[in-house]
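Here the structure comes first, spelled out in structure tokens, and everything after it is commentary.
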Amino acid sequence: MKETPALRIASATDTLGADLTDFTRALVACRSDSQSEGNSEFQGEATRCLDLIAEKLATIGFEGRAMDRTSALSGARGSAAG
């Protein structure tokens with residue numbers, strides 16, 4: 001049988017499903033009001049979330065990096081390694 005994009009996605013989901021579920025759980029565990037800069041837990045929660053994303057990007061072959069951890073406009077990015 002010819003491998004189609006749908007079959008590749010289904011196969012990847014079967015292979016990586018538990019890892020993706022764990023990653024999603026870790027992201028959801030970050031407090032949602034971490035985006036409220038007036039919240040005393042903002043910095044720690046925002047940093048934790050950005051670090052999770054940067055780490056995941058690195059594990060799949062990107063150079064993951066958290067950017068600007070000091071504001072509600074914080075973000076993470078990944079670029080192809082190399």
Distance, nearest 0.5 Å, that separates CD of E45 from SG of C30: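 Those atoms lie 5.5 Å apart.
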
Inter-residue atom distance I53.CD1 - F23.CZ, 0.5 Å rounding: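 I53 CD1 to F23 CZ: 5.5 Å, rounded to 0.5 Å.
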
Side-chain (T59) to main-chain (K56) donor-acceptor, under 3.5 angstrom: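 Flag set: sc T59 to bb K56 pair under 3.5 Å.
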
Side chain R25, main chain L20, donor-acceptor under 3.5 Å: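 It does not hold such a pair.
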
Heavy-atom closest pair, residues L7 and K2: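 Between these two residues, the closest heavy atoms are CD1-O, 3.5 Å.
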
Shortest non-hydrogen contact from C49 toward L27: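 Looking at all heavy atoms of both residues, the shortest contact is SG-CD2, 3.8 Å.
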
Only distances under 3.5 Å count here; give the side-chain donor-acceptor pairs of residues 9-18 to other protein atoms, sequence neighbours excluded, each with its distance to 0.1 Å.
from	atom 1	to	atom 2	distance (Å)
T13	OG1	I9	O	2.8
T15	OG1	S11	O	2.9

